[in-house]
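Only one structure is covered here, and it is reproduced in the block below.
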2 protein chains.
Amino acid sequence: MSPKPDVSEERIEQITEAATKVFAEQGFDKARMDDIASEANLSKGTLYLYFKSKDAIITHLLDRLFEREFADLRTLATTDRPASEKVILFTDAIIADLQNWTRLIPIMYEFLGRLFRQSVVQQAFKKYMRYYLDMITPIIQEGIDAGEFHATDANAVSIALGALFEGTILLWVYDKESVDLQKHIRAGVELLMKGLQA
Amino acid sequence: MSPKPDVSEERIEQITEAATKVFAEQGFDKARMDDIASEANLSKGTLYLYFKSKDAIITHLLDRLFEREFADLRTLATTDRPASEKVILFTDAIIADLQNWTRLIPIMYEFLGRLFRQSVVQQAFKKYMRYYLDMITPIIQEGIDAGEFHATDANAVSIALGALFEGTILLWVYDKESVDLQKHIRAGVELLMKGLQA
DNA sequence: TATAAATGACTGACCAGTCAGTTATAAGGA
DNA sequence: TCCTTATAACTGACTGGTCAGTCATTTATA
């Protein structure tokens, strides 16, 4: 039928990759459409064949940001292990995935600046947060019910754990010389678990 | 001598206040100098009498951001109390100061986006981090030496504590309905302390 | 050869920064 | 008390540069 094959999926991927790189380097506002185009080896006009605006590209990045997140983490929750072990496995999975994440951190924080004024961004982060809580809180509760952890508010514990993950990354961004991501996330979680088991 | 009194200090304060508000609402890039001017009840030209550029205003905000920080927290470190109590006092002081901080959080995160590409911002955040570590690590070490806390890496504990503070704020920004800043910071620190004393 | 895909020069909106002109007032004099 | 004057403080129309988004034209290939 069509005299040419549909390349739109490939182009969208190509543009997304280029945009991720350019936005990470320059920030959303300073980055020019021409920068993204040349990074993608396309012309500016072509970008507009696949995205209706610069903002549409940014929104697309937001959609993809948390997409892969927790992909196989879900399976962890269902394995038949003590809760404390699950938390450790969970932590290890997050640490193992950090390498993939670090390149997205500038983009994450770029979005944080917009979180206060764009409800789309707000919704995305809230969804991410709820997703995390829904996954981890049952594990903590399970540990409490089994007498493995002393009785406490499982939700508060989940928040403390999440704060440790996100906070350690943040401190690492503040000062990469003082913080060893892997080591300090692990140390923090261990300390928290010890408090939970005390 | 001079036929007019020097109002520059007052004007700088006025402009700084207006800029803080406008930048928090619009972000550094979208905010226009005219917006800041009208918020400050001045004309755009006047802004340039006191700051040589938009970026100079932003840099000034960065300088002031951490300025008042830890002002009276230092005195806490020198009081003659058990280390665990000092940590609690420290936490309470931070919580008490949160109200003043929340309005600056959008600005903080605006800077985070620039942290990856502007060394001035990098330096400021690193300095803030070091300042924090220098204050809290000796307290933890003191607790370890006194046998109050079990032997561990005092530096790692400080980082875990800092991650809890910063991370809880971050999660609160993600989802204000799920996180109660005061309650969850306190709960996290208590859990961590329990682990430290176990 | 029909048409999907790609191009890049162009346009209109936007805005940081400038500067020639205006306003307000402290100080000195009548 | 009321001018006068020197000058600090302020103003806002204007300029030059930037860039998102458009579209008439060109290129590639089924």
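Convention: sequence-line order gives letters A, B, ...; per-chain numbering from 1.
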Applying a 4.0 Å non-hydrogen cut-off, can you work out what A:Leu49 is touching in the nucleic acid: base, sugar-phosphate, or nothing? base
B:Thr46 side chain N/O closer than 4.0 Å to the phosphate oxygens (OP1, OP2) of D:dA9? no
How many Å lie between CG on B:Asp55 and C1' on C:dG17, as a whole number? 13 Å
Just the rounded figure in Å: distance from C1' of D:dC19 to CG of A:Leu47. 13 Å
Taking only residues two or more places apart in sequence or in another chain, which ones pass ring pair (Phe, Tyr, Trp, His ring centres under 6.0 Å) with A:Tyr48? none
Phosphate oxygens OP1/OP2 of C:dA6: is one of them under 4.0 Å from a side-chain N or O of A:Tyr50? yes
Between B:Gln26, B:Lys44, B:Lys30, which is the residue that forms a side-chain hydrogen bond (donor to acceptor under 3.5 Å, both in side chains) with B:Asp35? B:Gln26
Between A:Asp34 and A:Gly45, the residue closer to the 5' end of DNA chain D by nearest nucleotide is A:Asp34
In whole Å, I'd like the distance from the OH atom of B:Tyr48 to the P atom of D:dA8. 23 Å
For residues A:Phe66 and A:Tyr131, establish whether the separation of their ring centroids is below 6.0 Å. no
Separation of C:dA6 atom C1' from A:Gln14 atom CD, nearest Å, is 12 Å
Ignoring backbone atoms, establish whether A:Lys44 has a side-chain N or O less than 4.0 Å from OP1 or OP2 of C:dG8. no
May I ask you to decide if the ring planes of B:Tyr109 and A:Phe116 are parallel, tilted or perpendicular, using 30° and 60° as cut-offs? tilted
For the pair B:Phe28 and B:Phe23, name the ring-plane relationship: parallel under 30°, tilted 30 to 60°, perpendicular over 60°. perpendicular
What is the separation between atom CG on A:Asp6 and atom P on C:dA4, rounded to the nearest whole Å? 11 Å
Nearest to the side chain of B:Met33, heavy atoms from C-beta on, is which of C:dA5, C:dA16, D:dC10? C:dA16
Whole-Å gap separating C1' (C:dA16) and CG (B:Asp29): 13 Å
Classify the nucleic acid contact of A:Ala31 as base, sugar-phosphate or nothing, counting any heavy atom under 4.0 Å across all strands shown. sugar-phosphate
Distance check needed: C:dA6 P versus A:Glu10 CD, whole Å only. 9 Å
Roughly how many Å is it from CZ in A:Arg32 to C1' in C:dC14, rounded to a whole number? 16 Å
Against the side chain of B:Ser43, the closest entry in D:dG21, D:dA9, D:dT11 is D:dT11
